[in-house]
Asker: 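I have a structure here, written as structure tokens, and I will follow up with some questions on it.
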There are 2 protein chains.
Amino acid sequence: MDEKISEAVVRRLPKYYRYLSDLDALGVERISSSAMSKGMSLNASQIRRDLNCFGGFGQQGYGYSVKSLKQEIMHILGIDKAYHVVIIGSGNIGQALAFYKNFALEGYIIKAIFDVDSNRIGKKINNIEVLSMNDLETYLKTENIHIGILATPKGAAQDVADILIKGGVTGIWNFAPIDVKVPDNAYVENVHLSDGLYVLSYYMQRGRF
Amino acid sequence: MDEKISEAVVRRLPKYYRYLSDLDALGVERISSSAMSKGMSLNASQIRRDLNCFGGFGQQGYGYSVKSLKQEIMHILGIDKAYHVVIIGSGNIGQALAFYKNFALEGYIIKAIFDVDSNRIGKKINNIEVLSMNDLETYLKTENIHIGILATPKGAAQDVADILIKGGVTGIWNFAPIDVKVPDNAYVENVHLSDGLYVLSYYMQRGRF
DNA sequence: TAGATTGTTAATCGATTAACAATC
DNA sequence: TAGATTGTTAATCGATTAACAATC
């Protein structure tokens, strides 16, 4: 339970969360690891092992309570609390994320958008202010921001990340096509959207083997 | 060389491609696996092993030619040719993707956007026509489309995927928060954007261990 | 040639799966 | 209690890393 938890396990947690949310929405109350196994195309042993990294949530002879397991995973992922977020860059991706309703619903509250383009500064996107990049450093001194979303061009990403980290941000969700580096006490999730398109092209061409 | 190539290897290819593109842009002509190792934070053995899945691109005592290795990887990934693409759904994500200039530059040519919203049908987004979902099936009969990008709500995703596959599409890039299923002769890349945000939250809360 | 670096085999490590005793 | 299903240990599998002979 306090062994180091592998990234493979962590990356399966959102999948469990999604699956359990769906079950819960359908009114399903309990589920066994073998039923989950079928529904999610994962091995039942793996599911039990994954969950037991965090605690014994099941009950022998019964299975797992959908509602409480979902709740546990929300808590493990840390998505049961509110985060203050800024978006840097109001281009296509920045805008799409600013408009994405689910973020607010799930507690990721977008407090401001920053951009270098003077045509955009002062405007609002989905009722969120667009501020000047020049003011980012000062802004971070007064506001308590947890997460920065990088939607800048490649060249600016690392510099902006540095400013965010210096300003106390501990999580960066990076959409720029470059691996941004952060110190050990912060964390970055590099997205690399087009990598997925390349992998898709690979399999379309070569088949699955 | 004709062993089954593991998905782990395939998912590293875009990373190699990005790194080599950067080197090439900087005018670097040759690189050794150990230099790549440092630049990419990957083990040098792993790099040599990965590349040798596809052929012996290096030269003992010299290393790899940046330009030709980049070219080889482009070819392996199948991104050295043109793909015809349709986007389904003209919401936030659909629009952002429609506006994304790099796709066209890299040979992913967006031929049309489909939507159910009559307010959007007939309009243009970044000079690409928005057509009615009702016409998708017919459209696919006359046009040769390789890739469908799903940017629909969750509930519609699987149905639309089925129509795309029936219409001859072999690759689906799915942004809807659900795992879409396709037959064995097609391939789907499920994106699940918010999973990354959850994983980010996890590490922000728990640290890396 | 001597030095460098690959391609590849062998060793290690970690993740997945199977098995089963514990227990609800 | 009997049946079901977990939690967990042991076995297997695959991926990563190390080592080194081949060779440019």
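In what follows, chains are A, B, ... by sequence order, proteins preceding strands, each numbered from 1. Hydrogens, waters and symmetry mates are skipped; everything else that's a heavy atom, side chains included, is used.
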Asker: Any idea how A:Tyr187 and B:Tyr203 line up, ring-wise: parallel (<30°), tilted (30 to 60°), or perpendicular (>60°)?
Answerer: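 A:Tyr187 and B:Tyr203: parallel rings.
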
Asker: Might you list the N or O atoms of the protein lying below 3.5 Å from N or O atoms in nucleotides 8-13 of chain D, with each pair's distance?
Answerer:
from  : atom 1 : to      : atom 2 : distance (Å)
D:dT8 : OP2    : A:Asn52 : ND2    : 3.4

Asker: Which of these nucleotides, D:dT5, C:dA15, D:dC24, is closest to any side-chain atom of B:Gln60?
Answerer: D:dC24

Asker: Report, one line per pair, each donor and acceptor closer than 3.5 Å where one atom sits in a side chain of residues 162-174 of chain B; sequence neighbours left out.
Answerer:
from     : atom 1 : to       : atom 2 : distance (Å)
B:Asp162 : OD1    : B:Gln158 : NE2    : 2.9
B:Lys166 : NZ     : B:Glu137 : OE2    : 3.0
B:Asn174 : OD1    : B:Ala176 : N      : 2.8
B:Asn174 : ND2    : B:Ala176 : O      : 3.3
B:Asn174 : ND2    : B:Ile178 : O      : 2.8
B:Asn174 : ND2    : B:Asn190 : OD1    : 2.9

Asker: Please tell me which of B:Tyr62 and A:Ser6 maps to the more 5' nucleotide of DNA chain C, matching each residue to the nucleotide holding its nearest heavy atom.
Answerer: B:Tyr62

Asker: Please report the distance, rounded to the nearest Å, between CD1 in B:Ile5 and C1' in D:dG14.
Answerer: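 Nearest whole value for this atom pair: 15 Å.
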
Asker: How long is the gap from CG on A:Leu13 to CG on A:Asp50, to the nearest 0.5 Å?
Answerer: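 The CG atom of A:Leu13 sits 7.0 Å away from the CG atom of A:Asp50.
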
Asker: Over how many whole Å does the gap from A:Ile31 atom CD1 to D:dT5 atom P extend?
Answerer: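 Atom CD1 in A:Ile31 sits about 11 Å away from atom P in D:dT5.
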
Asker: Starting at the 5' end of DNA chain D, which residue's closest nucleotide do you reach first, B:Leu42 or A:Gly58?
Answerer: A:Gly58

Asker: Which residue, A:Gln59 or A:Asp50, contacts DNA chain C at a nucleotide closer to its 5' end, judged by nearest heavy atom?
Answerer: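 Closest to the 5' end, via its nearest nucleotide, is A:Asp50.
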
Asker: Looking only at side-chain N and O atoms, does B:Ser201 offer a donor or acceptor that is under 3.5 Å from a partner on A:Tyr108?
Answerer: yes

Asker: Output the rounded distance in Å from CZ (B:Arg30) to C1' (C:dT6).
Answerer: 12 Å

Asker: My understanding is that a pair needs two contacts under 3.5 Å, Watson-Crick or G-U wobble. By that rule, which nucleotide pairs with C:dA21?
Answerer: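 WC or wobble partner is D:dT6.
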
Asker: Between atom NZ in A:Lys4 and atom P in C:dA15, what is the gap in whole Å?
Answerer: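 Atom-to-atom, A:Lys4 to C:dA15, this comes out as 8 Å.
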
Asker: Give a yes/no answer on whether the side chain of B:Ser33 brings an N or O atom under 4.0 Å of OP1 or OP2 in C:dT6.
Answerer: yes

Asker: Please identify which of these residues, B:Glu106, B:Lys15, B:Glu189, meets the side chain to side chain donor-acceptor pair (under 3.5 Å) condition with A:Tyr198.
Answerer: B:Glu106

Asker: Distance to the ring centre below 6.0 angstrom and angle to the axis at most 45 degrees; does that hold for B:Arg30 and B:Tyr62?
Answerer: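 Cation-pi check for B:Arg30 and B:Tyr62: passes.
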
Asker: Please report, rounded to the nearest Å, how far the C1' atom of C:dT5 is from the CG atom of B:Leu69.
Answerer: 14 Å

Asker: Give none if D:dT12 has no partner; otherwise give the nucleotide forming a Watson-Crick or G-U wobble pair with it, both distances under 3.5 Å.
Answerer: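 Partner of D:dT12: C:dA15.
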
Asker: When we call it a touch if two heavy atoms are under 4.0 Å apart, what does B:Gln46 touch: a base, just sugar-phosphate, or nothing?
Answerer: base

Asker: Given atom CD of B:Glu7 and atom P of C:dA15, what is their separation to the nearest angstrom?
Answerer: 17 Å

Asker: Taking any heavy-atom pair under 4.0 Å as a contact, classify A:Ser34: base, sugar-phosphate, or nothing.
Answerer: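 Counting heavy atoms under 4.0 Å across all strands, no contact is made by A:Ser34.
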
Asker: Only counting residues at least two apart or in another chain, list the ones meeting ring-ring contact (aromatic ring centres under 6.0 Å, His included) with A:Tyr19.
Answerer: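 Residues passing ring-ring contact (aromatic ring centres under 6.0 Å, His included) with A:Tyr19: none at all.
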
Asker: Using atom CG of A:Leu51 as one end and atom P of D:dT5 as the other, report the distance to the nearest whole Å.
Answerer: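 So the two atoms are 16 Å apart, to the nearest Å.
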
Asker: Nearest whole angstrom, please: distance from the C1' of C:dT17 to the CD1 of A:Ile47.
Answerer: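 So the CD1-C1' distance, A:Ile47 to C:dT17, works out to 12 Å.
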
Asker: With a 4.0 Å cutoff (strictly under), does any side-chain N or O of A:Arg12 reach OP1 or OP2 of C:dT16?
Answerer: yes

Asker: Tell me whether the OP1 or OP2 atom of C:dA4 has a side-chain N or O from B:Tyr64 closer than 4.0 Å.
Answerer: no

Asker: For B:Lys154 and A:Asp22, run salt bridge (charged side-chain N to carboxylate O under 4.0 Å, His left out): C-alpha distance rounded to whole Å, both residues' side-chain angles, the deciding distance at 0.1 Å, then the answer.
Answerer: CA-CA 11 Å; B:Lys154 181 160 105 169; A:Asp22 288 350; 2.9 Å; yes

